[in-house]
Protein chains: 2
Amino acid sequence: MRKFDDSLPLRLLKAREAAMGFFRPLLQEIPLTEQQWRVIRALNEFEELESKQLAELCCILSPSLTGIINRLEQLGYIKRRKSTEDQRRTLISLTDKAKKMFASMSPRLEARYQEMTERFSHEDMKALEELLIKFCDVKP
Amino acid sequence: MRKFDDSLPLRLLKAREAAMGFFRPLLQEIPLTEQQWRVIRALNEFEELESKQLAELCCILSPSLTGIINRLEQLGYIKRRKSTEDQRRTLISLTDKAKKMFASMSPRLEARYQEMTERFSHEDMKALEELLIKFCDVKP
DNA sequence: AGACATTCCTTAACACATTAATAAAATAGC
DNA sequence: GCTATTTTATTAATGTGTTAAGGAATGTCT
């Protein structure tokens with residue numbers, strides 16, 4: 001039987017922990033959680049998104065996202081508005097405060113990302129990314 | 001700037017979700033959470049472990065582990081005892097009930113693991129595992 | 001021996017993950 | 001046009017992740 005340490009889910013978890021070790025300290029300065037930053041990062045790229053799209057993009061389940069959105073709104077980082085043609089949908093976007101914060105933080109985080117890539121190896125990073133993308137298509 | 005979807009932490013998260021898609025349905029039958037199974041799996045291999053070792057192995061922080069241990073004890077799956085030479089340490093092991101449950105579940109989970117590996121590709125799986133192991137050594 | 005720091009585990013407080021259930025809006029079918 | 005179903009977002013309940021702080025046992029130092 002496969003040994004404990006050989007399980008892929010555990011390896012993915014540990015790798016993720018290793019990666020977050022590069023970014024967590026910076027996010028704590030703001031302070032923002034990892035999930036909050038993921039939401040802000042997505043909104044920075046797509047301008048305005050429905051709650052459902054945001055959940056899909058960020059890989060966060062709707063009930064969790066509800067709470068994250070509430071807290072980010074409380075902090076003044078995002079705005080919500082109701083879709084006019086479908087009253088069920090909530091459209092979410094960044095405030096100016098969030099855009100400024102993002103602009104000042106993202107270069108530092110990007111630098112960390114570069115550092116991480118270099119300490120690993122550019123080639124291995126590329127190979128790892130491709131394998132991960134391919135693996136995500138594997139479904140039961 | 002790097003696009004949202006290109007972030008390694010997010011890719012690792014999604015890959016982990018894809019992997020867990022194979023195992024979650026089986027664990028829910030028992031029912032056990034993913035973390036509870038990880039703890040049981042570790043204890044099955046190492047017989048008896050200190051809380052700290054268990055946390056390290058399972059990649060679970062001590063405060064989380066305290067709760068997991070309490071619930072597993074409630075469910076009758078694990079036993080705790082105090083170390084005689086160091087009263088601070090708690091030693092944890094599986095009950096017979098847990099060992100039986102593990103024996104009946106692990107073949108089914110192992111079969112799923114095989115299925116996952118085959119749908120991906122044995123070679124890619126091996127390559128992915130090696131890259132993940134290497135990546136875990138990369139530290140800020 | 002007695003103050004001191006260290007180590008292990010736990011509790012506390014908050015944020016998020018997961019599943020099930022619910023309320024409201026929109027759609028499908030008749 | 002009206003019910004039945006589906007879709008979207010939320011709440012509820014429980015379990016875990018994360019950081020900080022706490023208490024008890026051990027180790028250190030003089």
Side-chain angles (χ1 to χ4, degrees), chain A residues 9-10 12-14 16-21 23-40 49-56 58-75 77-78 80-92, chain B residues 9-10 12-14 16-17 19-21 23-40 49-75 77-78 80-92:
Chain A
L10 186 56
L12 289 166
L13 182 62
K14 291 195 171 179
R16 194 174 147 67
E17 271 309 299
M20 289 314 298
F23 308 116
R24 240 192 272 280
L26 287 175
L27 293 178
Q28 284 178 190
E29 284 181 21
I30 308 182
L32 282 178
T33 68
E34 178 191 333
Q35 291 86 345
Q36 289 169 343
W37 179 255
R38 213 151 76 228
V39 166
I40 288 173
L49 285 169
E50 292 177 17
S51 184
K52 195 184 179 185
Q53 302 173 300
L54 198 52
E56 173 71 18
C58 297
C59 211
I60 293 175
L61 297 174
S62 305
S64 297
L65 191 57
T66 296
I68 296 170
I69 294 298
N70 286 338
R71 281 178 285 272
L72 284 176
E73 193 178 28
Q74 209 65 3
L75 293 167
Y77 286 130
I78 65 169
R80 342 159 82 132
R81 69 180 186 91
K82 284 281 183 190
S83 166
T84 48
E85 73 267 12
D86 188 339
Q87 294 293 119
R88 290 171 303 184
R89 291 175 160 79
T90 307
L91 296 169
I92 302 161
Chain B
L10 186 57
L12 289 166
L13 183 61
K14 292 195 170 179
R16 194 174 149 69
E17 271 309 299
M20 289 315 297
F23 309 116
R24 242 192 270 280
L26 289 174
L27 293 178
Q28 284 179 192
E29 286 181 21
I30 307 181
L32 282 179
T33 69
E34 177 192 334
Q35 291 85 345
Q36 289 169 344
W37 179 255
R38 212 150 79 227
V39 166
I40 289 174
L49 285 170
E50 291 178 16
S51 185
K52 195 184 179 184
Q53 300 174 301
L54 199 51
E56 172 71 18
L57 274 170
C58 297
C59 210
I60 293 175
L61 297 175
S62 306
S64 298
L65 191 57
T66 296
I68 296 170
I69 294 297
N70 286 337
R71 282 178 284 271
L72 284 176
E73 194 177 26
Q74 280 297 344
L75 294 167
Y77 286 129
I78 64 168
R80 340 160 84 130
R81 69 181 186 88
K82 285 280 183 190
S83 166
T84 48
E85 74 265 14
D86 188 341
Q87 294 293 119
R88 289 171 303 185
R89 291 174 159 77
T90 307
L91 296 170
I92 302 161

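Predicted, not measured: the structure shown is a model, and the values here were computed from it. The figures that follow rest on heavy atoms only: side chains count, while hydrogens, waters and symmetry mates do not. Convention: sequence-line order gives letters A, B, ...; per-chain numbering from 1.
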> Can you list every pair that meets salt bridge (charged side-chain N to carboxylate O under 4.0 Å, His left out) and has a residue in residues 64-74 of chain A, with sequence neighbours left out?
Replying inline: A:E73-A:R80
>> Using a heavy-atom cut-off of 4.0 Å across all strands, would you classify B:T90 as base, sugar-phosphate, or nothing?
In response: sugar-phosphate
>> For a quick check of understanding: with a heavy-atom distance under 4.0 Å over all strands, which category does A:E17 fall into, base, sugar-phosphate or nothing?
In response: sugar-phosphate
> Within the distance-only criterion (no hydrogens, no angle test), does the side chain of B:R38 pair as donor or acceptor with the backbone N or O of B:C58 below 3.5 angstrom?
Replying inline: yes
Rounding to a whole Å, what distance do you find between [X]:[atom1] and [N]:[atom2]?
X     : N      : atom1 : atom2 : result
A:L72 : C:dC16 : CG    : C1'   : 12 Å
A:I68 : D:dT10 : CD1   : C1'   : 14 Å
B:L32 : D:dT14 : CG    : C1'   : 15 Å
A:L13 : C:dA17 : CG    : C1'   : 13 Å
B:E50 : C:dT10 : CD    : P     : 12 Å
B:E73 : C:dT10 : CD    : C1'   : 14 Å
B:I92 : C:dC8  : CD1   : C1'   : 12 Å
A:N70 : D:dA9  : CG    : P     : 13 Å

May I ask you to verify if any side-chain N or O of [X] is less than 4.0 angstrom from the OP1 or OP2 atom of [N]?
X     : N      : value
A:R71 : C:dC16 : yes
B:T66 : C:dT10 : yes
B:S64 : D:dG17 : yes
B:Q35 : D:dG17 : yes
B:Q28 : C:dT18 : no
B:T33 : D:dT16 : yes

> Which nucleotide in the set C:dC8, C:dA17, C:dT19 lies at the smallest distance from any side-chain heavy atom of A:I60?
Replying inline: C:dA17
>> For a quick test of reading the model, state the closest non-hydrogen atom pair linking A:A19 to B:L12 and the distance between them.
In response: CB-CD1, 4.5 Å
> What is the minimum heavy-atom distance between B:C59 and A:L13, and which atoms define it?
Replying inline: CB-CD2, 4.0 Å
> Pick from A:L49, A:V39, A:I69: which one makes a side-chain contact (heavy atoms from CB on, under 4.5 Å) with A:I92?
Replying inline: A:I69
>> Closest-nucleotide mapping onto DNA chain C: is A:P63 or A:Q36 further toward the 5' terminus? I mean the 5' end.
In response: A:Q36
>> Any heavy-atom pair between the side chains of A:S64 and A:Q35 that's under 4.5 Å?
In response: no
> Hey, are the side chains of B:T90 and B:E50 touching, using non-hydrogen atoms and a 4.5 Å cut-off?
Replying inline: no
> Could B:E29 and B:R24 be called an ion pair, given the rule that one side-chain N must be under 4.0 Å from one carboxylate O?
Replying inline: no
> A:R24 or B:G67: which one's nearest nucleotide on DNA chain D is closer to the 5' end?
Replying inline: B:G67
> Heavy-atom contacts under 4.0 Å between residues 80-89 of chain B and DNA chain C, which residues?
Replying inline: B:R80, B:R88, B:R89
